[in-house]
Amino acid sequence: MSVKFISAREAAELIQDNSTVGIDGFIGFCLPEDILGEIETRYIKEGHPRALSIVNVAGLGGDGKDRGINHFAHKGLMRRFLCSNLSLAPKIYPLIMDDAFPTFMLPQGVLSHMMRAIASHKPGVITQVGMKTFVDPRIDGGCINRSARESGEKIVQLLNLNGTDYLFYPAFPLDIALIKGTCADTRGNISLENEAIHIEQFEMAAAARNSGGIVMVQVDKVVPHGDIHPQKVAVPSSLVDYVIVGRPENTGQHFIGDCSPVPSWCGDEKIPFDDINPVKFDLHKIICRRSCMEISEGDFINLGIGIPMNVSEILNEEGVIEHISSSIESGVTGGVPAAGLATGAAYNPEAIIKQPDIFDFYDGGGIDFAGLGAAEIDIHGNVNVSKFAGKVTGPGGFINISQGARKVCFMGTFTAGSSDIRIENGRLNIVQDGPHVKFRNQVQHITFSGEHSREKGTQQVLYITERAVFTLTDYGLTLIETAPGVDLQRDIIDKMESRPHIASDLKLMDARLFRPEPMKLKLR
């Protein structure tokens with residue numbers, strides 16, 4: 001079938017009711033925004049397409065307001081939603097909590113690998129990723145709302161192979177794949193040279209094509225056949241049915257500010273690391289500095305969203321960034337990871353590889369150090385980042401990363417909410433603490449299983465805050481360090497729902513953490 005060049009409106013008209021639609025993208029990167037907007041416009045005018053089963057691998061928040069998956073926040077448009085992350089989808093939250101459609105969440109790496117399984121007609125994905133977390137069928141089975149639980153659908157099953165338990169995630173056919181590229185030539189070959197990340201464009205296209213479905217690709221421009229070097233073709237024309245040239249306001253590298261491309265994100269230029277401003281001296285910097293002390297020279301590291309993103313800036317400030325290799329689950333390695341809506345990209349990346357490839361490495365234990373956030377921690381060492389404070393953000397790549405890393409540091413402030421905690425003369429002065437307890441008897445949602453980590457016995461786990469450092473032992477959560485100026489009973493134990501085990505050699509945190517000048521950090 002020859003490739004057809006059509007408008008985004010015509011693409012939306014081709015989508016039939018009850019279709020299973022795979023949408024590729026990573027927050028606002030590689031997002032087929034023009035097509036998604038026209039689907040919404042058509043639904044508002046005509047009531048079609050309706051009852052779509054939507055699948056996306058990473059979060060599709062776009063700008064965190066109206067773009068991306070927020071276009072689908074209309075009752076009746078979706079009949080089922082399967083994803084890994086919803087941290088920037090405010091319009092979708094109310095529908096999920098009102099049970100407008102069954103919503104399921106799985107680890108990002110599992111969904112990325114699922115595209116390969118669908119493409120190759122494998123039965124699904126068999127892995128230990130997700131064991132004893134909320135996706136385990138013995139707990140929630142990936143169900144996020146009541147509609148999902150009442151649907152009776154089993155999106156994950158427990159298997160025992162040669163005496164070892166695994167999770168089996170069954171594959172399913174894709175009717176439509178919506179993906180994004182930079183250029184299409186006149187035959188329909190697709191390149192990604194201006195994209196900050198390369199995710200599963202090929203895998204999702206192959207999954208839809210081998211399911212008997214159709215593949216639609218939004219691009220920034222069309223060039224003559226032969227103008228794209230063969231080594232830059234990410235999706236060959238044989239997998240493409242329709243090409244849509246996006247409008248300038250709805251296509252490009254990202255949707256931040258004036259949407260101007262950042263050349264250093266896609267490797268078109270390098271910026272001096274000296275141009276990156278030092279991190280503000282505050283509680284978050286203390287947390288990140290203490291985490292940096294756990295990194296060894298030559299480590300391959302991964303940093304999560306939020307506070308952990310500042311670890312790379314501190315390594316740069318301390319002059320040791322060149323001695324480690326950073327990575328992001330989007331497939332970007334090296335450089336300094338970008339933050340906020342730019343999460344997934346990096347300044348001066350060394351390599352931009354495909355997302356399913358990086359998750360192969362992660363799942364096999366390739367991460368030496370992972371710095372990740374934590375919304376709730378319990379006495380058993382479990383961590384919740386996926387469902388709290390009335391929101392369902394989802395795990396993203398957290399489960400793959402936290403289970404696969406050799407050393408993982410969960411990072412966050414000790415309490416949550418408005419507080420007045422000062423750093424004075426190298427000591428903490430807690431004038432007013434945050435009102436919300438983060439160290440619980442039991443987390444609401446298990447995104448990291450302390451029990452599973454202890455059973456493996458190959459992982460070092462730390463929980464780092466501005467006033468206390470814990471580790472995971474056979475006793476569960478164990479306190480090993482406290483900050484200078486902090487009272488053990490008043491500022492730590494009394495602010496936890498359960499008393500932790502306390503190490504016999506309880507230490508003070510390094511005094512350099514609480515001084516504004518650089519630490520003169522030396523990696524292990």
Side-chain angles (χ1 to χ4, degrees), residues 279-295 303-311 314 369-385 388-389 398 402 407-424 426-441 443 447-448 450 460-473 475-503 506-515 519:
V279 177
K280 177 184 175 184
F281 182 58
D282 59 9
L283 301 184
H284 292 180
K285 188 164 189 173
I286 292 171
I287 296 166
C288 291
R289 280 177 159 182
R290 177 60 185 84
S291 299
C292 288
M293 295 173 70
E294 296 297 325
I295 299 174
L303 302 175
I305 294 172
I307 293 176
M309 296 301 294
N310 289 328
V311 166
I314 289 171
F369 168 93
L372 301 170
E376 292 181 332
I377 299 166
D378 69 24
I379 203 69
H380 311 290
N382 300 319
V383 177
N384 172 23
V385 299
F388 56 92
F398 183 97
S402 63
K407 178 186 288 187
V408 57
C409 292
F410 296 108
M411 305 160 59
T413 54
F414 194 82
T415 59
S418 179
S419 65
D420 182 4
I421 303 175
R422 304 169 188 177
I423 311 168
E424 299 174 339
R427 299 166 66 85
L428 282 188
N429 178 11
I430 303 175
V431 179
Q432 180 180 335
D433 218 333
H436 303 298
V437 173
K438 293 174 66 174
F439 285 82
R440 316 296 295 270
N441 292 324
V443 296
T447 332
F448 171 81
Q460 184 179 357
V461 183
L462 291 100
Y463 310 81
I464 298 175
T465 75
E466 80 286 349
R467 73 185 73 172
V469 179
F470 302 84
T471 191
L472 183 62
T473 69
Y475 297 102
L477 199 66
T478 300
L479 179 65
I480 59 173
E481 295 178 20
T482 61
V486 165
D487 182 86
L488 175 62
Q489 184 68 43
R490 181 191 67 227
D491 299 324
I492 298 177
I493 295 173
D494 288 351
K495 300 298 171 65
M496 304 174 69
E497 288 186 349
S498 295
R499 182 184 179 91
H501 180 73
I502 299 176
L506 183 65
K507 297 180 174 62
L508 277 180
M509 296 169 70
D510 194 308
R512 294 175 298 169
L513 301 171
F514 303 91
R515 300 285 182 184
M519 295 174 60

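In this text the structure is predicted, and so the values were computed from the model without any measurement.
- Contact of the Leu372 side chain with the Val385 side chain is not registered, since no non-hydrogen atoms from C-beta on lie closer than 4.5 Å.
- At a threshold of 4.5 Å between non-hydrogen side-chain atoms, the residues Cys288 and Ile307 count as touching.
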Assess the residue pair Glu481 and Arg467 against the criterion (side-chain contact (heavy atoms from CB on, under 4.5 Å)); give the C-alpha distance rounded to whole Å, side-chain angles, the decisive distance to 0.1 Å, and a yes or no.
CA-CA 8 Å; Glu481 295 178 20; Arg467 73 185 73 172; over 6 Å; no

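- The side chain to side chain donor-acceptor pair (under 3.5 Å) search around Asn382 returns Asp378, not counting sequence neighbours.
- Ala416 is linked by a side chain to side chain contact (heavy atoms under 4.5 Å, CB included) to His436, Lys438, counting only residues two or more places apart in sequence or in another chain.
- Residue Phe281 places its CZ atom among more than 12 non-hydrogen atoms of other residues, nucleotides or ligands, all under 6.0 Å distant.
- For Phe410 and Phe448, the gap between ring centers is short of 6.0 Å.
- Proximity of Leu506 to Leu479: side-chain heavy atoms (C-beta onward) are separated by under 4.5 Å at one or more points.
- Side-chain contact of Thr471 with Thr478: a donor-acceptor pair under 3.5 Å is absent, judged by distance alone.
- Ring geometry for Phe470 versus Phe439: interplanar angle of 30 to 60°, hence tilted.
- Residues Lys507 and Ile480 form no side-chain contact, since every pair of their non-hydrogen atoms from C-beta on lies 4.5 Å or further apart.
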Show the numbers, then the answer: is there a side-chain contact (heavy atoms from CB on, under 4.5 Å) between Glu294 and Arg290?
CA-CA 7 Å; Glu294 296 297 325; Arg290 177 60 185 84; 2.8 Å; yes

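- Across Ile287, Asp433, Ile421, Thr465, a single residue satisfies side chain to side chain contact (heavy atoms under 4.5 Å, CB included) together with Thr413, and that is Ile287.
- The heavy-atom pair separating Arg440 from Val437 by the smallest distance is CD-O, 3.5 Å.
- Separation of atoms OG (Ser291) and CG (Asn310) is listed at 10.5 Å; rounding is to 0.5 Å.
- Between Arg422 and Ile430 there is no side-chain heavy-atom pair separated by less than 4.5 Å.
- Using a 4.5 Å heavy-atom cutoff, the side chains of Val383 and Thr447 are not in contact.
- The minimum heavy-atom distance between Tyr463 and Gly381, with the atom names listed, is OH-O, 2.8 Å.
- For the pair Leu462/Val469, a side-chain contact is recorded, criterion being any heavy-atom separation below 4.5 Å from C-beta on.
- Every side chain to side chain donor-acceptor pair (under 3.5 Å) that Asn429 has, sequence neighbours left out, goes to Glu424.
- Met293 is listed as a side-chain neighbour of Met519, based on a closest heavy-atom distance under 4.5 Å.
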Side chain to side chain donor-acceptor pair (under 3.5 Å) assessment of Asp420 paired with Gln432:
CA-CA 5 Å; Asp420 182 4; Gln432 180 180 335; over 6 Å; no

